[in-house]
Novice: 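Here's a structure for you.
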Amino acid sequence: MAQARVKARAPRKESVFGERFAVFAECLLTGVWIAVACLGVVTYPAAFAAGARHLRRRTTHQVGGAREFVADFRTAVRGGWLVGLAGWVVAGAVWVDVQAARAGIPGGPLVGAVGVFALIGAAVALLRASAVWAPGVAWRASLADAGRQTVLDPAGSFLVVCGMAVVALSAWYIAPLAVPVLGAVAAAAVAVEERYRHR
């Protein structure tokens, strides 16, 4: 009789809605962690890599929290800061292209458009590389694979671009909202990579 009561009081399984809402809330919290880790200016690749790794742990029901995020960030930033610096150099070059296009230089609009598309492609490749980063994986190898996947999987790349657009629009309308939404971008990149891996 006592055993029957114990079985009857066994913890209920979490509902699908509750589980999905928990993942969404974890994405928003991860966005705050990513934003804080990005304060180092060149640390944004490592911040997204640590955030994506945290979300991968969460979706596979592994234990992990802020301590694991910080450990992953410290590992990722060792080579990731060079990637972050290169990203700022590329962004600066595109800014110069756009300024040249505005100045009315012949062929400037074409060069400016190509530069903007190249910057978007580089951002997508960086997010895709961050989504699969793991300790011991070289950034150069991750970026090379992500660059190929960005081209070979245009649908997935478009989804990542849509995620970046959501952050940009959030920042445009309500700037503080862009901070937690960064976690949703990391989650989108993780989902795109899982989709590509299982194709």
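Please read these numbers as outputs of a predicted model, since none were measured by experiment.
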Novice: Looking at residues at least two apart in the chain, or sitting in another chain, which of them share a side-chain contact (heavy atoms from CB on, under 4.5 Å) with A35?
Specialist: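 With sequence neighbours excluded, A35 shows a side-chain contact (heavy atoms from CB on, under 4.5 Å) to V179, L182, given in chain and number order.
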Novice: For residues 156-183, pull every pair meeting salt bridge (Lys or Arg N to Asp or Glu O under 4.0 Å), keeping only residues two or more places apart or in separate chains.
Specialist: none
Novice: Is I174 atom CD1 crowded by more than 12 heavy atoms from other residues, nucleotides or ligands, each under 6.0 Å away?
Specialist: no
Novice: My understanding is that only residues two or more places apart in sequence, or in another chain, count here; which of them pass side chain to side chain donor-acceptor pair (under 3.5 Å) with R57?
Specialist: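 Applying side chain to side chain donor-acceptor pair (under 3.5 Å) to R57 gives D72.
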Novice: Test of understanding: with salt bridge (Lys or Arg N to Asp or Glu O under 4.0 Å), list the residues that count as partners of E68, not counting sequence neighbours.
Specialist: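 If we apply the salt bridge (Lys or Arg N to Asp or Glu O under 4.0 Å) test to E68, skipping adjacent residues, there are no hits.
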Novice: Who clusters with V114? Use side-chain heavy atoms, under 4.5 angstrom, across I, L, V, M, F, W and Y, and order the result by chain and number.
Specialist: L110
Novice: Using links of under 4.5 Å between side-chain heavy atoms of ILVMFWY residues, direct or through other members, which residues join V96 in one cluster?
Specialist: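 Grouped by the 4.5 Å side-chain rule, W95 form the rest of the cluster around V96.
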Novice: Pairs in or reaching into residues 172-192: which pass salt bridge (Lys or Arg N to Asp or Glu O under 4.0 Å), with residues at least two apart or in two chains?
Specialist: none
Novice: What pairs meet the salt bridge (Lys or Arg N to Asp or Glu O under 4.0 Å) rule with one or both residues in residues 124-141, with sequence neighbours excluded?
Specialist: R128-D153, R128-E193
Novice: Test: salt bridge (Lys or Arg N to Asp or Glu O under 4.0 Å). Region: residues 36-52. Which pairs qualify, not counting sequence neighbours?
Specialist: none
Novice: Please identify which of these residues, L127, I120, T150, meets the side chain to side chain contact (heavy atoms under 4.5 Å, CB included) condition with V160.
Specialist: L127
Novice: In the hydrophobic cluster built from side-chain contacts under 4.5 Å, what are the other members alongside V137?
Specialist: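 Besides V137, the cluster holds no residue at all.
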Novice: A37: what forms a side-chain contact (heavy atoms from CB on, under 4.5 Å) with it, not counting sequence neighbours?
Specialist: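 Expected list: A47, F69, F73.
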Novice: Test: side chain to side chain donor-acceptor pair (under 3.5 Å). Region: residues 74-86. Which pairs qualify, not counting sequence neighbours?
Specialist: none
